[in-house]
Amino acid sequence: MRLTPAFMLQLLLALVAGGFTTLTASPFELWWLGPVAIALMYVGLHTLTPAQASLKGWLYGVALFASGTSWVYVSIHDYGYTGAPLAVFLTALFVAVLALFYAGTLWLYRRFMGARLALLTFAGAWVLGEILRTYLFTGFPWLLMGSGYVDSPLAGWAPVGGVYLLSLWVVLSGTLGAELILRRQWWAAAPLAAIWLIPLALPHQWATPASEPTRVALLQGNLPQLLKWTPEGQRTAANTYSRLTAEVADDADIIIWPETALPMMEAQARPVLERVQANLPPGVALITGIVQLDAANQYYNSVIGVGNVDGSYQKEHLVPFGEYLPLESVLRGAIDFFDLPMSSFAKGASKQTPMQAAGISLGNAICYEIIYSQLVARRAQESDVLLTVSNDTWFGASIGPHQHLQMARLRALENGRYVIRATSNGITAIIDDQGSIVARAPQFETTALVGEFYAMEGLTPFTRTGNWPAWLLAALMILPGFRLTRCRGE
């Protein structure tokens with residue numbers, strides 16, 4: 001592989017494009033950089049061999065994940081009992097492996113796609129690569145291209161086709177923009193304008209709110225993660241959440257504690273919860289994240305409730321290395337990071353009856369699950385409101401909590417449902433059915449956020465169909481460019 005000046009420029013543009021993509025997401029929210037990043041990846045791509053295109057894609061992924069998921073180092077080093085050198089190595093390995101998705105996407109694109117209708121085929125291939133990243137090896141749909149567009153003019157597409165349709169339009173905007181500006185293909189202005197102007201004509205309200213709001217209190221304990229599972233941490237958690245609950249008892253219909261708010265088994269936590277519930281007004285629902293242990297000695301990351309609550313929820317999509325350990329027989333005990341507390345959870349069932357609280361049907365998504373649009377859409381089909389409890393303490397003071405909140409906002413917009421989000425130390429928030437933040441608690445404070453949400457009736461097109469239409473469209477877009485002959489330089 002020759003490193004000519006032109007090829008070196010392509011690699012530099014890939015690094016810039018990866019950084020630009022991170023800037024489209026929270027807390028930066030420079031969404032207009034998305035098409036620019038895509039244009040930098042698209043221009044000149046067809047002069048590269050598959051191997052060269054693969055390296056360009058890999059460097060894009062390295063820049064994206066090194067800048068956009070830098071919080072992985074915080075989780076491993078600050079809370080994973082891992083020294084700095086090893087934490088740097090593991091973070092670099094994480095980034096390098098994830099970047100292979102973009103390397104593979106661009107290799108396949110140059111190997112099997114010709115220049116015919118390249119602006120379409122590139123967009124379709126990019127989104128198919130995102131789909132692969134979402135599900136292969138349990139998946140990691142963090143920083144999808146469309147995730148940063150909840151506040152953009154494209155936002156109206158979200159309840160129609162979800163995050164992958166947003167990705168498709170952003171990538172297509174980049175390729176159309178490159179054809180228009182760099183190659184003077186003036187016809188590209190028409191489809192580019194349509195992508196950005198059609199949302200103005202789409203319905204603003206897909207679901208109907210109930211006539212009366214429900215009062216909710218979201219509690220944020222802000223307790224030290226490193227002390228959480230110690231006897232002192234358990235006592236502090238019980239006292240803190242009991243006190244905060246007493247302060248809001250008369251102001252809420254539903255009180256919500258975050259993920260594993262009480263760092264103990266359900267059997268140990270029940271007396272605490274029942275004691276707190278005994279002092280609540282009649283009809284108030286108290287909900288918390290908790291660890292359940294079943295008769296087969298399997299642990300579940302769960303949500304339960306007392307008072308005016310029926311049912312429970314067990315987390316379906318677990319976090320690799322955080323909640324379960326792949327290749328456990330090999331990795332368990334290798335380093336301290338692989339022996340984190342509560343890292344041996346079992347997977348909850350894919351079909352679970354929605355919880356009921358104060359007459360409201362809740363669609364649960366614990367922490368990491370909220371980034372899976374298809375999973376959340378299934379929950380929204382049977383619920384009036386979406387509830388996500390999370391422990392974002394693992395992110396520290398990084399950009400991670402802001403990205404996590406933004407993806408929760410997109411789930412609200414996609415499904416026309418309020419999202420009520422209780423976290424351990426932020427960002428706790430109430431998000432309306434348009435993806436806008438109604439109320440928000442400050443990070444790193446022990447506090448209670450009291451506000452209102454509306455139960456919603458009716459389904460958005462996305463909630464009805466999920467991601468399949470966007471996936472099918474992406475697949476159809478690559479068909480015109482398929483070729484079986486080998487391209488130049490292979």
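Computed from a predicted structure; not experimentally measured.
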Practice task
Please work out whether the ring planes of Trp468 and Trp471 are parallel, tilted or perpendicular, with thresholds of 30° and 60°.
Solution key: perpendicular

Exercise for the section: Just say parallel, tilted or perpendicular for the rings of Trp71 and Phe395, cut-offs at 30° and 60°. Expected result: perpendicular

Exercise for the section: Classify the side-chain pair Tyr313/Arg379 by whether it contains a donor and acceptor separated by less than 3.5 Å. Expected result: yes

Exercise for the section: Hey, can you tell me if His404 and Trp142 have their rings parallel, tilted or perpendicular (30° and 60° cut-offs)? Expected result: tilted

Practice task
Considering non-hydrogen atoms only, spot the tightest contact between Ala269 and Ile290 and give its length.
Solution key: CB-CD1, 3.5 Å

Exercise for the section: Anything under 30° is parallel, anything over 60° is perpendicular, the rest tilted; go ahead and classify Tyr60 against Trp126. Expected result: perpendicular

Side-chain donor-acceptor contacts of residues 246-264 below 3.5 Å, not counting sequence neighbours, with atom names and distances?
| from | atom 1 | to | atom 2 | distance (Å) |
| --- | --- | --- | --- | --- |
| Glu247 | OE2 | Arg243 | NH1 | 3.2 |
| Asp253 | OD2 | Arg215 | N | 2.8 |
| Trp257 | NE1 | Thr245 | OG1 | 2.9 |
| Glu259 | OE1 | Asn391 | N | 2.8 |
| Glu259 | OE2 | Asn301 | ND2 | 2.7 |
| Thr260 | OG1 | Lys228 | NZ | 2.8 |

Handout entry: Residue pair Glu316 / Lys347: nearest heavy atoms and the distance that separates them
Key = O-CG, 2.9 Å

Exercise for the section: Report yes or no: do Thr428 and Gln220 form a side-chain donor-acceptor pair below 3.5 Å? Expected result: yes

Completion exercise
Across all chains, not counting sequence neighbours, the side chain to side chain contact (heavy atoms under 4.5 Å, CB included) partners of Val62 are Trp58, Val95, Ala99

Problem - Exercise: do Arg411 and Tyr372 side chains pair donor with acceptor under 3.5 Å - result: no

Exercise for the section: With sequence neighbours excluded, tell me which residues meet ring-ring contact (aromatic ring centres under 6.0 Å, His included) with Phe444. Expected result: none

Fill in the blank from the handout: The single option from Ile430, Val216, Leu386 that satisfies side chain to side chain contact (heavy atoms under 4.5 Å, CB included) with Tyr418 is Ile430

